[in-house]
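Some notes on the structure that comes next.
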Amino acid sequence: EPEVTQTPSHQVTQMGQEVILRCVPISNHLYFYWYRQILGQKVEFLVSFYNNEISEKSEIFDDQFSVERPDGSNFTLKIRSTKLEDSAMYFCASVEGGYYEQYFGPGTRLTVT
Amino acid sequence: GNSVTQMEGPVTLSEEAFLTINCTYTATGYPSLFWYVQYPGEGLQLLLKATKADDKGSNKGFEATYRKETTSFHLEKGSVQVSDSAVYFCALSDRNTGNQFYFGTGTSLTVIP
């Protein structure tokens, strides 16, 4: 069964450093999402991406964040200058069409020290 | 706005006990409702869904009915197994808000033999 994959599974970085989290969505899916889950808290929406542009973003997704689909398979989330409060599990998701269930990747645990 | 409220955990049950995890929602439109499960060290997996009022989603012995009158989507299972130990997330998506998912805080379930 096709699945969403994410790399790395765990990333440790120092405050102020840039990180890029990578996702490979399911190949025929058209809509892509990033969510984050701070330990013990809700899974929160960050951004949605369709047709090579951001379609929606939350207030969490400020200028420090950016997303890109650099080729036909990868979907990346970049955090330019990480803060301690960016420590969280980051989930990528993809959807075949606009209103079907989202398929989630296993997540990347980001630890900012 | 849209939101999901889940019962607080953790929940600990003996094998073969009956499980209920309460979930209520607030939505501006006509949402679809989902239960996702997260096993230790893994990503979010869709467990079941319901797309309109009075629909019942079911999978692996779990059931949930979309109740518009009580704005609820409670998860139930008649006889839990040790392998059901996981974190369960209730979620909604709403066409009016671009299909982003709104998650509850998650309920951790531990089933003991």
Side-chain angles (χ1 to χ4, degrees), chain A residues 1-10 21 23-26 29-51 53-61 67 88-109, chain B residues 1-10 23-52 55 57-59 64 66 73 86-108:
Chain A
E1 185 177 335
E3 58 183 18
V4 177
T5 59
Q6 289 185 244
T7 53
S9 56
H10 189 192
L21 309 183
C23 168
V24 179
I26 294 172
H29 285 189
L30 301 176
Y31 297 78
F32 313 111
Y33 303 80
W34 282 101
Y35 294 82
R36 79 170 186 192
Q37 183 185 25
I38 295 172
L39 188 64
Q41 298 185 25
K42 286 189 180 190
V43 177
E44 301 171 291
F45 168 77
L46 291 178
V47 65
S48 60
F49 192 85
Y50 170 70
N51 201 25
E53 59 183 25
I54 290 173
S55 46
E56 273 192 273
K57 59 183 181 179
S58 71
E59 61 272 16
I60 303 168
F61 194 88
V67 289
M89 182 74 88
Y90 288 81
F91 292 105
C92 172
S94 69
V95 179
E96 181 179 355
Y99 305 115
Y100 297 97
E101 64 266 23
Q102 298 186 8
Y103 290 80
F104 285 81
T108 293
R109 180 167 298 285
Chain B
N2 296 324
S3 68
V4 174
T5 303
Q6 270 182 256
M7 67 182 280
E8 296 280 334
C23 171
T24 56
Y25 67 90
T26 303
T28 54
Y30 299 94
S32 295
L33 301 173
F34 304 82
W35 277 99
Y36 279 81
V37 58
Q38 185 179 28
Y39 297 103
E42 298 185 17
L44 297 164
Q45 300 175 24
L46 178 68
L47 181 59
L48 53 84
K49 67 175 182 180
T51 57
K52 61 183 189 299
D55 270 3
S58 60
N59 186 26
Y66 187 164
F73 193 54
V87 181
Y88 292 82
F89 292 91
C90 186
L92 73 83
S93 73
D94 185 348
R95 293 178 178 224
N96 292 336
T97 52
N99 202 39
Q100 66 173 269
F101 272 45
Y102 298 83
F103 284 89
T105 51
T107 302
S108 174

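In what follows, every heavy atom counts, from backbone to side chain, and hydrogens, waters and symmetry copies are set aside. Chain identifiers are assigned alphabetically (A, B, ...) following the order of the sequence lines, protein sequences preceding nucleic acid strands; residue numbering begins at 1 within each chain.
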Next item on the list: Let me know if Tyr35(A) has heavy atoms under 4.5 Å from chain B in its side chain, its backbone, both or neither.
Entry: side chain
Note to self: Less than 4.5 Å to any heavy atom of chain A: does that hold for the side chain of Gln45(B), its backbone, both, or neither?
What the structure shows: neither
Margin query: Is Leu44(B) in contact with chain A via its backbone, its side chain, both, or neither, using a 4.5 Å heavy-atom distance?
Written below: both
Notebook entry, point to check: Is a donor on one side and an acceptor on the other found under 3.5 Å between the side chain of Ser108(B) and the backbone of Gly9(B)?
Noted result: no
Next item on the list: Enumerate the residue pairs fulfilling salt bridge (charged side-chain N to carboxylate O under 4.0 Å, His left out) with a member in residues 30-41 of chain A, sequence neighbours excluded, ordered by first and then second residue.
Entry: Arg36(A)-Glu44(A)
Margin query: Applying side chain to side chain donor-acceptor pair (under 3.5 Å), can you list everything that pairs with Ser55(A), at least two apart in sequence or on another chain?
Written below: Ser48(A)
Note to self: Report which part of Gln37(A) has an atom under 4.5 Å of a heavy atom belonging to chain B: side chain, backbone, both, or neither.
What the structure shows: side chain
Notebook entry, point to check: So, the side chain of Glu3(A) versus the backbone of Pro106(A): is there a donor-acceptor pair under 3.5 Å, distance only?
Noted result: no
Note to self: Rounded at 0.5 Å granularity, tell me how far CH2 in Trp34(A) sits from SG in Cys23(A).
What the structure shows: 5.0 Å
Check: Given that the side chain runs from C-beta out, which part of Val87(B) has a heavy atom under 4.5 Å from chain A: side chain, backbone, both or neither?
Finding: neither
